[in-house]
Amino acid sequence: MIGWMMSSTEQDNRLHYLDSMGIQVWRRRESGRDEQMPVAESGAVKDNPAATAGQDDTGGLDWEALRERVLSCTGCALHKQRTQAVFGVGSHTAQWLIIGEAPGADEDRQGEPFVGRAGKLLNNMLLAIGLQREEVYIANIVKCRPPNNREPAPEEAQSCAPYLARQIALIKPKIIIALGRVAAQNLLRTDSPVGSMRGKRFYYEQSDIPIIVTYHPAYLLRSPQEKRKAWQDLLAAQELFSSL
Ligand code: SF4
């Protein structure tokens, strides 16, 4: 649970992890005046209902059956070149659900989402808002690695959507963070760029689960100048979460 009153140790941890994200943190000046970190504008509008999962028979599956179904799935062409399907990882009772795009080479090898450099950055982003990786749940729009790390095709994302929908139904998260354009566009059924979705609040399907959009850690590794914006998004998500 996120709280607003942080101990000095927690504040030190936050500063440490922000430093490791490459974000320069504004600190108290000699004058004693506090500089505030920028916070993303709160759009607070239900301006785009998220996707429906489509027709499928995953609705009654428990975690074990769902995992077995995913690991043996041949529902789209992505199964042909995968080492293994990457189901998802984390707490089944997580309040925070983190959704990315697709497994990459490391994930395909290890069978876990967000490992490697992008995973390390994601871990640091989570730690910066007081979350351990183990207490959230992390999943992707598609469970199998697209060849050469290409984007998942729309039909591949559509084939895989019922699995993520069932994961969301089982977890019942309080908040969803969509990492990057592919995650956001598929969850929200839109072609909007990430830049126009940041700072707004969307909702998952007809539920009251808010979705906050931010940049994908892999993009942040390529574009470190955007890390501060991601930090703004995380702060906005933290503020929203604490009000739920
Ligand atoms: Fe099945 Fe999804 Fe993998 Fe396609 S990406 S084979 S739908 S698990």
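When a ligand or atom number is given, it counts from 1 through the structure's own listing order.
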Query raised in the report: Does any N, O or S atom of C144, backbone or side chain, fall under 2.8 Å from atom 3 (Fe) of ligand 1?
Result: yes
Query - ligand 1-proximal atoms of R82, by part, heavy-atom distance under 4.0 Å - result: side chain
Query raised in the report: Is the shortest heavy-atom distance from the side chain of H79 to the side chain of R82 under 4.5 Å?
Result: yes
Report task. May I ask you to check if any N/O/S atom from C160 comes under 2.8 Å of atom 2 (Fe) of ligand 1? Result -> yes
Report task. Kindly say whether the aromatic ring centers of W96 and F241 come within a distance under 6.0 Å. Result -> yes
**Report entry** Note: D233-R228 ion pair, threshold 4.0 Å (strictly below)
**Finding:** no
Query raised in the report: So which protein heavy atom does atom 1 (Fe) of ligand 1 come closest to, and at what separation?
Result: C73 SG, 2.3 Å
Report summary line: One finds that the ligand 1 atoms under 4.0 Å from a non-hydrogen atom of K143 are 5 (S), 8 (S)
**Report entry** Distance from atom 4 (Fe) of ligand 1 to nearest protein heavy atom, with residue and atom
**Finding:** C76 SG, 2.4 Å
Query raised in the report: Would E156 and R150 pass as an ion pair if we require N to O under 4.0 Å?
Result: yes
Query raised in the report: Under 4.0 Å between a Lys/Arg side-chain N and an Asp/Glu carboxylate O for R133 and E112?
Result: yes
Query raised in the report: For ligand 1, which atoms have a heavy atom of G75 less than 4.0 angstrom away?
Result: 1 (Fe), 6 (S)
Query raised in the report: Can K229 and E226 be counted as an ion pair, charged N to O under 4.0 angstrom?
Result: yes
Report summary line: Atoms of ligand 1 under 4.0 Å from any heavy atom of H79, numbered from 1 in the order shown, are 6 (S)
